[in-house]
Amino acid sequence: MTAEQYAAALPRLRRSLGVGQEEEERLRDVLEAAEEEILRYLGETVLPEYALCLLVELAGLKYLQTGGGKKSQSYTEGQLSQSESYYTPEEFREGTEALLRSLARHRKVQIRGANQR
């Protein structure tokens, strides 16, 4: 991604996740991983501008996945009860696929001829 795209995506990702400057390296990592996945899916070498919003969403999903993927947490005081639930690997996979499907109409299609392998 270009420096401008990164400069636009980072604060959006930080706000959507509610994290501060201390997570800079991890946010950079998930942005780069999300970009690579989008580029592979599209068959592109440069991130198109129309994919910037999806980049932030996919990076957010990857951030949650690398942090354990806590879905919900509850705590009650009377008789002390604590409960946590986590996203499953299947839920992360389905979320990633759903986000990428929204780019399906932009994918490059290549057809190999009889002489190509």
Side-chain angles (χ1 to χ4, degrees):
M1 85 191 80
T2 66
E4 293 82 20
Q5 288 173 324
Y6 179 76
L10 183 62
R12 290 172 63 185
L13 179 59
R14 192 179 289 130
R15 281 191 307 273
S16 70
L17 294 170
V19 298
Q21 299 281 343
E22 70 281 354
E23 289 289 312
E24 185 86 21
E25 287 183 33
R26 188 166 162 213
L27 294 176
R28 178 183 300 270
D29 290 344
V30 297
L31 278 169
E32 288 174 1
E35 178 191 28
E36 289 171 12
E37 194 154 358
I38 291 169
L39 292 176
R40 268 194 318 271
Y41 182 81
L42 292 175
E44 297 283 353
T45 56
V46 177
L47 187 71
E49 284 298 318
Y50 61 78
L52 191 59
C53 185
L54 181 77
L55 172 72
V56 173
E57 289 183 52
L58 188 56
L61 186 62
K62 290 186 175 303
Y63 179 89
L64 292 175
Q65 187 174 19
T66 61
K70 189 180 290 187
K71 187 188 296 188
S72 66
Q73 177 177 337
S74 65
Y75 175 82
T76 54
E77 206 94 4
Q79 296 293 342
L80 190 65
S81 171
Q82 184 173 354
S83 159
E84 295 177 343
S85 66
Y86 295 86
Y87 291 103
T88 65
E90 179 68 18
E91 288 174 307
F92 282 117
R93 187 185 63 71
E94 288 173 359
T96 298
E97 289 175 359
L99 288 172
L100 291 175
R101 269 194 311 271
S102 69
L103 292 174
R105 65 188 173 127
H106 300 287
R107 289 181 90 175
K108 283 187 178 178
V109 178
Q110 297 179 351
I111 300 172
R112 291 186 177 187
N115 296 336
Q116 293 180 324
R117 295 200 182 230

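Computed from heavy atoms alone, side chains included, the values below leave out hydrogens, waters and symmetry copies.
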Closest contact, heavy atoms only, A9 versus L31: CB-CD2, 4.0 Å
I want to check something: taking the side chain as every heavy atom from C-beta on, are L10 and R28 in contact at a cut-off of under 4.5 Å? no
Kindly state each residue pair satisfying ring-ring contact (aromatic ring centres under 6.0 Å, His included) with at least one member in residues 16-40, sequence neighbours excluded. none
CZ (R107) and CZ (R101) are apart, to the nearest 0.5 Å, by 11.5 Å
List in chain and number order the residues that pass side-chain contact (heavy atoms from CB on, under 4.5 Å) with E22, two or more places apart in sequence or in another chain; answer none if no residue qualifies. none
What are the two closest non-hydrogen atoms of A59 and A34, and how far apart are they? N-CB, 3.7 Å
Residue E25 excluded, over 12 heavy atoms near CD under 6.0 Å: no
Which pairs would a plain distance check flag for residues 36-56, meaning a side-chain donor or acceptor within less than 3.5 Å of a matching protein atom at least two apart in sequence or in another chain?
| residue | atom | partner | partner atom | Å |
| --- | --- | --- | --- | --- |
| E37 | OE1 | K62 | NZ | 2.7 |
| Y41 | OH | L100 | O | 3.4 |
| E49 | OE2 | Q5 | NE2 | 3.1 |

Roughly how far, to the nearest 0.5 Å, is CG of L64 from CD of E91? 11.5 Å
Checking side-chain contact (heavy atoms from CB on, under 4.5 Å) between Y63 and each of L27, L13, D29, which is the one that passes? L27
